[in-house]
2 protein chains.
Amino acid sequence: MSMDAVFRALADPTRRQLLDSLHARNGQTLNALCGEMDMTRQAVTKHLAVLEEANLVTTLRRGREKEHYLNPVPINEIAERWIGKFERGRLDALSNLKKRLEREEP
Amino acid sequence: MSMDAVFRALADPTRRQLLDSLHARNGQTLNALCGEMDMTRQAVTKHLAVLEEANLVTTLRRGREKEHYLNPVPINEIAERWIGKFERGRLDALSNLKKRLEREEP
DNA sequence: TTGACATGCAACCAAATGGTTGCATATTAA
DNA sequence: TTAATATGCAACCATTTGGTTGCATGTCAA
């Protein structure tokens, strides 16, 4: 559940779409998820493996089907540990930048 | 300032390190930033270009130097528009998953 | 039991990525 | 003016990535 794996997993639009799909309807099987994607089942499998490695998706084998569940915890950890840091400095940074750009003479 | 560009930019650990560095000391020149990175100046330049394209970094040419400023706005937009969506369902999703895993019989 | 269905595994491929080296250009300082 | 410094640009390279096809395995249903 390294933070790097989460960032990498989120970098791909197809994978974010998969998370969106699971957010809309949790517990979908591989085949169900493939229905919405315009690529082969094997490609989707690979994307899901990346999401699983990042701990963003948990799977549950039920008979011959595999259900996929969204795990929002890593996303929240990123939000709290990483994004929060930049958020704090937001207004300051903006006003500093503005000032800097205004006294624009070398 | 597409969301995709921001996600892609954040995916690389070197680029996150650059953002961290700018967060610690804003307005650093290319050379200053290179000092902390274990790669050639040209490689750092490329990473900064990706960050600039995602609008995460703004540059300011001052004489023969180029200053780099962190722009936290896109990070906040991601936090608000995208992460917030998953955050809302967090507790529900967790408890649902738990229930599901518990009644673990096909 | 047997066929259909859901998934797993592996080899392969093109394109993108992250890095390098080499050289060009522009600005500052001696 | 000239030399050093800061950055820009481009070609090149290895590896990773995102996708494919082909085949194997496991499970359900008739």
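Quick note on labels: first sequence line is chain A, next is B, and so on, each numbered from 1.
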Inset, instruction - Assess whether side chain to side chain contact (heavy atoms under 4.5 Å, CB included) is satisfied between B/I78 and B/F7, documenting all intermediate values. - result: CA-CA 8 Å; B/I78 280 189; B/F7 273 114; 3.9 Å; yes
Legend entry - For atom CG of B/L18 and atom C1' of C/dG19, their distance in whole Å: 14 Å
Legend entry - For A/E67, the option from A/R62, A/R61, A/R25 that meets salt bridge (charged side-chain N to carboxylate O under 4.0 Å, His left out): A/R62
Legend entry - side-chain N/O A/R62 vs D/dT27 OP1/OP2, d < 4.0 Å: no
Legend entry - Between C/dG19 (C1') and B/M37 (CE): distance, integer Å: 15 Å
Inset, instruction - Identify which one of A/R15, A/Q17, A/R16 satisfies the side chain to side chain contact (heavy atoms under 4.5 Å, CB included) criterion when paired with A/P13. - result: A/R16
Legend entry - Test: B/D12 and A/R8 ion pair at under 4.0 Å: no
Inset, instruction - Could you state the atom-to-atom distance from CE of B/M39 to C1' of D/dA14 in whole Å? - result: 16 Å
Legend entry - A/L60 CG to D/dT27 C1', straight-line distance once rounded to whole Å: 16 Å
Inset, instruction - Return the value, rounded to whole Å, for the distance between atom NZ of A/K46 and atom P of D/dT21. - result: 12 Å
Inset, instruction - Give a yes/no answer on whether the side chain of A/R8 brings an N or O atom under 4.0 Å of OP1 or OP2 in D/dT16. - result: no
Legend entry - Gap between atoms NE2 and P, on B/H47 and D/dT7 respectively (whole Å): 17 Å
Legend entry - Protein-to-nucleotide contact annotation, 5' to 3' order, nucleotides 1-8 of chain C [B base; S sugar-phosphate only; - none; under 4.0 Å, heavy atom]: ---BBSBB
Legend entry - Spacing of B/Q28 atom CD relative to D/dA6 atom P, expressed in whole Å: 14 Å
Inset, instruction - Could you walk me through whether A/T59 and A/E52 pass side chain to side chain donor-acceptor pair (under 3.5 Å), step by step? - result: CA-CA 8 Å; A/T59 64; A/E52 217 175 329; 3.1 Å; yes
Inset, instruction - Kindly give the heavy-atom pair with the smallest separation between A/A11 and B/A11, and that separation in Å. - result: CB-CB, 3.4 Å
Legend entry - Side-chain N or O of A/T40 closer than 4.0 Å to phosphate OP1/OP2 of D/dT20: yes
Inset, instruction - Please test A/E36 against A/S21 for side chain to side chain donor-acceptor pair (under 3.5 Å), starting from the C-alpha separation and ending with a verdict. - result: CA-CA 8 Å; A/E36 312 180 20; A/S21 178; 3.1 Å; yes
Inset, instruction - Round to the nearest Å and state the distance from B/L10 atom CG to C/dT17 atom C1'. - result: 16 Å
